Protein chains: 2
Amino acid sequence: MVDTVPRSASRPGMPARAVPAPVVGRLPGYLQALEALISERVPTVSSEELAGMCGVRSAILRRDLSHLESAGRRGVGYDCAALAATIREFLGVDRTRRIGIIGAGRLGSALADYAGIPDRGFALHGVFDIDPAVIGTTVGGVAVAPVAEIHRVVAAERIELIVIAVPASSAQAAADAAVDAGVRGLMSFAPVVLTVPSEVSVRHVDLATELQVLAYYTSVESPDTRPAAPGTDPAGARTDTDAPADTTEQQQ
Amino acid sequence: MVDTVPRSASRPGMPARAVPAPVVGRLPGYLQALEALISERVPTVSSEELAGMCGVRSAILRRDLSHLESAGRRGVGYDCAALAATIREFLGVDRTRRIGIIGAGRLGSALADYAGIPDRGFALHGVFDIDPAVIGTTVGGVAVAPVAEIHRVVAAERIELIVIAVPASSAQAAADAAVDAGVRGLMSFAPVVLTVPSEVSVRHVDLATELQVLAYYTSVESPDTRPAAPGTDPAGARTDTDAPADTTEQQQ
DNA sequence: GTATGTGAAATTGTTCACAGCA
DNA sequence: TGCTGTGAACAATTTCACATAC
């Protein structure tokens, strides 16, 4: 599926700017659903169907897709393969992105497995740690290198994104090292706010944060609350958050 | 505005309902920052300071806090300990919430470590798997039990939240088992949309999704984001040139 | 003087509903 | 006929700015 067309990789050929963060956050979900359809040999989907698979309303789906040069055919629907290709290109994963992970502990190793999974547009090209005991061992098919060498490895392997899987106490240092190495995209699992230059993007995932939000929703309307509608509060895909996940599953 | 949202007669206890999802999503971040301040013996913070620590604007912070019975003192700021207590109570983590993890693989084991960390309001009370090879082993200080026993364990240990850390192919089955066991809050790391009853809340975190969003933001930055030829734009769209330029994501 | 809490405005995002094309 | 794409209505959220309280 990757099969990057031998074309210029410098710029996506579509109006990139001005696409709202919530939209960007939902696109990966559409892409995932499309890939499932494609693997089942389904040629086209209607906005209604695709939206249903992703847990959003069809109107949202259509408007979201209108931001990128949509490939729908009125009266027919969207060509799965074409739309998937469009979204991949839009997101910039039409070519494989090389990623690295700082932290070869349990979490880092686990993430390495996921990151190594092909067909999602990413490939693991570096794992870093400061612990001499793990340096040199293989994680996710890659030899663990000292964090001190991150600059060299990032350059040599052309790593573009770094996942931070170290304890909170070393997260900022890890981020600094990654930024210093030239990386412009960071995804952190450490429960601290990272300070980075404005040109660097950071996505943050924190187990405790997610659980606390979950705790809120399970207590608000679990025990005895039934104040009408509140249950329908769909957690908007946070820009950043957001994560494109809905809190409450609602079927209507 | 017509207050369509039922602020409802909230529970006498204390929390006021109808709090927007974006607000709920930011509260854990405030709590985290407050805990850091508390550990440094800082007695009070201004909205300006706290907001700065969390990567949000002070106006947002103040309005967010206004949703719960705020504890600020004009001219002074917020009492760290009091505010932290208020947020904990609001989120429902003023008492320890018991969680369980389905999937004792690498990811599940890694998460078990995080989940076991005290002071965040959670305690691991169950780990489940279907693989006979890991059942009985200890993960995160808990003996791994068969998924088939989840109902019994959830009841016995009074587990309230379940983290799903299994492959995509078994995620729905895991969710079904958890729901059947009476759990009303799920956090899933599997890249699939889970179908659950409306009274169950689901939070979803997917590495590939996050990386794809990150990929987008790291490639959009191109200095010359030239929206191609105007002809490509179907409806002479209002190219709101000028982007928010928010490369830096703030956490959710 | 300082910093909160909050109307009101501005902005951003979602839903409706239908014109128009395949 | 069926379904997309989108103007317009609507709703939610953020930001401003200031009265208010300490």
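Letters A, B, ... mirror the listed sequences (proteins, then strands); counts begin at 1. Owing to the predicted nature of the structure, the values given are computational and were not obtained by experimental measurement.
- Counting only N and O atoms by type, the side chains of A/Arg88 and B/Gln212 include no donor and acceptor under 3.5 Å apart.
- Close to D/dT4, at under 4.0 Å from its OP1 or OP2, lies a side-chain N or O of A/Ser47.
- In this structure, the separation between CG on A/Leu186 and CD1 on A/Ile99 is 12.0 Å, given to the nearest 0.5 Å.
- A/Ser47 and A/Arg62 share a side-chain donor-acceptor pair at under 3.5 Å.
- The distance from the CG atom of B/Leu37 to the CG atom of B/Leu50 is 6.5 Å, given to the nearest 0.5 Å.
- Rounding to the nearest 0.5 Å places CZ of A/Arg41 at 12.0 Å from SG of A/Cys80.
- With hydrogens and angles disregarded, a donor-acceptor distance shorter than 3.5 Å links the side chain of A/Gln32 to the backbone of B/Pro191.
- Across the protein-nucleic acid pair, A/Leu65 atom CG and D/dC3 atom C1' stand 13 Å apart, rounded to whole Å.
- One finds no side-chain N or O of B/Arg26 lying less than 4.0 angstrom from the OP1 or OP2 phosphate oxygen of D/dT13.
- Taking atom CZ of residue B/Arg73 and atom C1' of nucleotide C/dG1, one finds them 19 Å apart after rounding to whole Å.
- The pair B/Glu160-B/Arg98 fails the salt-bridge criterion, with no side-chain N (NZ, NE, NH1 or NH2) lying under 4.0 Å from an Asp/Glu carboxylate O.
- The interatomic distance linking B/Leu61 (CG) with C/dG5 (C1') rounds to 12 Å, in whole Å.
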Below 3.5 Å between N/O atoms, which protein atoms pair up with nucleotides 16-18 of chain D? Just atom names and distances, please.
unit_1, atom_1, unit_2, atom_2, d
D/dA17, N6, B/Arg62, NH2, 3.3

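- Following rounding to the nearest Å, A/Ile60 (CD1) and D/dT4 (C1') show an atom-to-atom distance of 16 Å.
- Expressed to the nearest 0.5 Å, how far OG of B/Ser188 lies from CG of B/Leu194 amounts to 4.5 Å.
- Sorted by residue number, the members of residues 75-82 of chain A with any non-hydrogen atom under 4.0 Å from DNA chain D read A/Gly75, A/Val76, A/Gly77, A/Tyr78.
- Here B/Arg57 does not pair with B/Glu48 in a salt bridge; the nearest charged N to carboxylate O distance is not below 4.0 Å.
- Separating the CD atom of A/Glu48 from the C1' atom of D/dG5 is a distance of 15 Å, rounded to the nearest angstrom.
- Protein atom CZ of A/Arg74 is 10 Å distant from nucleotide atom P of D/dT4, rounded to whole Å.
- Per the geometry, CG belonging to B/Leu50 stands 17 Å off C1' belonging to C/dT2, to the nearest Å.
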